[in-house]
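Being a predicted model, the structure only gives us computed values, none of them experimental. Because only heavy atoms are used, hydrogens play no part in the values below, and waters and symmetry mates are left out as well, while side chains stay in. A note on names: the letters A, B, ... follow the listed sequences, proteins ahead of strands, and every chain is numbered from 1.
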Protein chains: 2
Amino acid sequence: MPIVTIQTVADYARVSRATVSRVLNNNPKVDSEIRERVLQAVEILGYQPNRVARRLRTQSRDVIGVIISDIQNPHFTSIIRGIEDVAYVRQMNIVLCNSDEDSSKLQTYLRVMQAESVAGLIVVPTHADQEREALQSIQRNGIPIILLDREIEGFEVDSVQVDHRHGAYEAVAHLIRLGRRRIGIIYNDFSTGWQRYQGYIDALNEAHIPIDRTLVKTSDHKRESSYDRTRELMALPVPPDALFTAFNLVTLGALHVLHELGARVPQDVALVGFDDMPWADELFSPLTAVAQPTYELGQTAARLLLRRLNTPDAPFQNEILPTQLIVRQSCGSAL
Amino acid sequence: MPIVTIQTVADYARVSRATVSRVLNNNPKVDSEIRERVLQAVEILGYQPNRVARRLRTQSRDVIGVIISDIQNPHFTSIIRGIEDVAYVRQMNIVLCNSDEDSSKLQTYLRVMQAESVAGLIVVPTHADQEREALQSIQRNGIPIILLDREIEGFEVDSVQVDHRHGAYEAVAHLIRLGRRRIGIIYNDFSTGWQRYQGYIDALNEAHIPIDRTLVKTSDHKRESSYDRTRELMALPVPPDALFTAFNLVTLGALHVLHELGARVPQDVALVGFDDMPWADELFSPLTAVAQPTYELGQTAARLLLRRLNTPDAPFQNEILPTQLIVRQSCGSAL
DNA sequence: CTGAAAGCGCTTACAG
DNA sequence: CTGAAAGCGCTTACAG
């Protein structure tokens with residue numbers, strides 16, 4: 001294990017460590033001949049400046065911490081890609097952690113990130129109440145935080161999310177326009193789910209359709225749960241003629257039930273899901289879905305972070321990105 | 001930005017930095033009264049030891065570098081989850097990079113990882129020939145490497161992969177057993193694709209079915225490419241009566257074509273895919289697939305790395321994990 | 001233009 | 001049991 005440090009290079013090039021450092025940092029006032037000698041030494045020795053040492057010395061921060069809640073969910077996967085792409089051009093690295101919707105795991109990671117002196121944090125909170133304080137304290141310590149996807153009430157930060165409420169409204173309005181009246185909904189109790197539920201209400205209200213509580217279900221993030229909720233809905237004396245599934249895993253669970261039941265989609269029950277999926281077209285009923293600009297969510301989060309690092313005192317910014325309803329066949333009509 | 005360092009704590013507790021450090025590192029020979037005082041100071045000041053400094057000083061390595069080729073592919077996503085889970089219990093962090101199947105990007109990341117003094121690297125190579133040297137040089141510098149999913153000829157390392165050849169053999173043998181004879185294949189030219197192709201050959205040979213070159217197609221990692229290849233296969237004077245699609249993106253492309261063509265699956269053409277997908281059951285034809293133990297792949301890679309770190313001189317280990325054929329309806333029979 | 005020296009925040013022999 | 005001192009690999013005022 002040949003440890004080549006800046007000293008090795010300095011010795012080889014017969015200069016001081018300071019000079020080597022200057023050359024590597026493109027300090028202009030280095031004699032061109034010496035510069036050459038150093039560069040050659042670097043080349044020959046295959047020297048890689050130690051980033052850990054550099055980071056400690058310059059107190060520079062070139063790592064972005066990212067904490068998401070479910071790395072197996074394509075939604076987040078695409079977000080990460082967006083973050084990574086903007087980080088790459090800025091020569092920043094990302095340390096990725098998966099909280100697994102577990103608040104204590106998230107808080108552990110928060111501590112780690114702080115100890116790693118990350119430049120800033122992009123985080124998808126899981127349980128606002130338990131995490132608010134830890135997050136705020138990190139922010140107070142000068143590490144900027146960008147909230148992604150979910151909000152935390154009473155916590156002033158930069159954030160990006162999608163217009164959940166309007167997206168959901170469009171989805172449900174689409175169903176209503178196609179003549180559906182008994183529209184079941186399955187959502188989760190994160191802030192996103194709640195907002196999507198509001199959009200559902202908006203659409204029903206607009207059409208003067210009374211809210212039937214028996215058609216409203218909440219589910220956790222497990223697919224089994226949405227499976228059960230869908231079963232319950234379909235077992236109603238008068239089952240729904242349409243379903244609005246408020247996130248991708250729920251949609252999968254619901255589809256499974258409909259398939260099992262031999263329900264015809266959309267004839268017996270129409271279906272719109274929140275979250276588009278790359279394979280939406282290949283599903284047994286090509287899925288009409290509210291597509292989120294996931295890649296842009298990631299990009300925007302990263303950009304907000306970069307901006308905050310440049311101008312720490314800028315007012316907080318809350319970006320809301322639009323969704324897009326992609327009409328396929330699961331509701332019965334292109335519109 | 002209140003910077004609380006070990007000195008702050010030492011002052012507060014009226015001891016030396018050395019003592020604070022000892023307390024934090026659970027050094028037993030610290031007076032219990034003093035220990036208490038330090039612990040209290042730590043608590044009150046909210047002190048987080050700076051990991052960057054610690055890492056530099058102890059030359060400790062507690063970061064695992066992971067370079068995968070496509071973070072949006074569920075295959076890798078599940079692998080990452082496996083890695084992360086074993087890293088978490090060891091209190092190690094992972095730095096994740098996405099090479100995007102781009103060899104120069106991968107090499108950039110390799111340099112970064114080295115400069116970050118990672119404990120070791122888990123990497124999915126993309127173009128063996130271009131990366132062999134860089135990888136070997138890192139290994140020579142004492143940073144262990146675990147190759148994941150794909151091999152590099154003539155490079156001795158620890159590695160994990162799945163039994164691609166046998167998995168493919170089983171898939172194709174399944175088709176043959178169901179009476180299919182004109183079996184098309186679409187694979188890619190990574191080492192994995194090549195091995196899967198061998199499995200296809202094995203099954204045909206065993207059944208004494210001659211290889212028809214017109215039924216053999218290669219595709220890159222883009223879905224469009226597999227779309228085109230499937231179109232070509234289906235446009236043959238005598239189209240195939242079965243398709244073996246050798247990785248998940250290809251399967252999606254093929255399904256799309258079959259859907260467009262109105263082909264009945266499995267009546268007109270049976271389909272087996274390599275790679276299972278969480279939504280395989282909800283596809284328009286529930287997919288019979290060769291499932292890879294992706295989570296275990298990740299776990300195994302991480303464990304191999306940990307083992308190598310413990311015993312640097314152990315002989316190299318090449319783990320081959322078994323696949324499992326999951327029979328659904330796309331081939332026409334549960335068998 | 002170049003080098004000696006200080007210091008980033010830790011840890012750990014070495015004395016005592 | 002505790003502290004003073006050295007040092008991990010860098011960078012950067014400060015002299016010259």
Tabulate below the donor-acceptor pairs under 3.5 Å that side-chain atoms of residues 63-70 of chain A make, not counting sequence neighbours, or state none.
from, atom 1, to, atom 2, distance (Å)
A:Ser69, OG, A:Glu101, OE2, 3.3
A:Asp70, OD1, A:Gln72, N, 3.0

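For A:Asp129, the salt bridge (charged side-chain N to carboxylate O under 4.0 Å, His left out) partners at least two apart in sequence or on another chain are A:Arg132. Remark: A:Glu116 engages B:Arg51, B:Arg55 in a salt bridge (charged side-chain N to carboxylate O under 4.0 Å, His left out) (not counting sequence neighbours). By the side-chain contact (heavy atoms from CB on, under 4.5 Å) test, A:Arg307 is found to be paired with A:Asp158, A:Leu304, A:Thr311, A:Ala314, A:Gln317, residues two or more places apart in sequence or in another chain being considered. B:Asp189 pairs by the side-chain contact (heavy atoms from CB on, under 4.5 Å) definition with nothing, not counting sequence neighbours. When the salt bridge (charged side-chain N to carboxylate O under 4.0 Å, His left out) test is applied to B:Arg35, no partner is found at least two apart in sequence or on another chain.
Here A:Ser21 reaches the OP1 or OP2 of D:dT11: one of its side-chain N or O atoms lies under 4.0 Å away. Residue A:Thr58 has no polar side-chain atom (N or O) positioned under 4.0 Å from OP1 or OP2 of D:dT11. Applying the 4.0 Å criterion to OP1 and OP2 of C:dG3, one finds that A:Thr19 has a side-chain N or O inside that range.
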How does DNA chain D look in dot-bracket notation if pairs are Watson-Crick or G-U with both distances under 3.5 Å, crossing ones as [ ], other-strand ones as |? |||.||||||||.|||
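Side-chain contact of B:Thr77 with B:Asn73: a donor-acceptor pair under 3.5 Å is absent, judged by distance alone. If you check the side chains of B:Asp85 and B:Gln299, you find no donor sitting under 3.5 Å from an acceptor.
Atom CD in B:Gln59 sits roughly 11 Å away from atom C1' in C:dT11 (whole-Å rounding). Taking atom CG on B:Leu24 and atom P on C:dG9, their separation rounds to 16 Å, with Å as the unit. We find that CZ of B:Arg57 is positioned 13 Å from P of C:dC10, with the value rounded to whole Å. Atom P of nucleotide C:dC1 and atom CG of A:Asn27 are separated by 9 Å, given to the nearest angstrom. Across the protein-nucleic acid pair, A:Asp31 atom CG and C:dG3 atom P stand 11 Å apart, rounded to whole Å. The CZ atom of B:Arg54 sits 12 Å away from the C1' atom of C:dG9 (whole-angstrom rounding). Between B:Gln114 atom CD and D:dG9 atom P there is a gap of 14 Å when expressed in whole angstrom units. Per the geometry, CD1 belonging to B:Ile6 stands 12 Å off C1' belonging to C:dT12, to the nearest Å.
Spacing of C1' atoms, D:dG16 relative to D:dT12, comes out at 16 Å, to the nearest Å.
Within the structure, ring pair (Phe, Tyr, Trp, His ring centres under 6.0 Å) contacts touching residues 6-55 of chain B (residues at least two apart or in different chains) do not occur. Pairs engaging residues 71-113 of chain B under the ring pair (Phe, Tyr, Trp, His ring centres under 6.0 Å) rule: A:Tyr88-B:Tyr109, A:Tyr109-B:Tyr88 [sequence neighbours left out].
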Could you list all N or O pairs between the protein and nucleotides 13-16 of chain D that sit under 3.5 Å apart?
from, atom 1, to, atom 2, distance (Å)
D:dA13, N6, A:Arg22, NH2, 3.0

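Within residues 7-17 of chain A, the residues approaching DNA chain D are A:Arg17, by heavy-atom distance under 4.0 Å. Of the residues in residues 33-50 of chain B, those placing a heavy atom less than 4.0 Å from an atom of DNA chain D are B:Ile34, in numerical order.
Side-chain atoms of A:Thr126 and A:Arg150, non-hydrogen and from C-beta on, do get closer than 4.5 Å to each other. Side-chain contact between A:Ile320 and A:Val162 is absent, with no heavy atoms from C-beta onward closer than 4.5 Å.
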Stepwise side chain to side chain contact (heavy atoms under 4.5 Å, CB included) check, A:Glu319 with A:Gln161: CA-CA 6 Å; A:Glu319 296 264 10; A:Gln161 48 176 337; over 6 Å; no
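Remark: A:Asp62 does not engage A:Arg90 in a salt bridge, criterion side-chain N to carboxylate O under 4.0 Å.
Closest to the side chain of B:Ala53, from the set C:dC1, C:dG9, C:dT11, is C:dG9.
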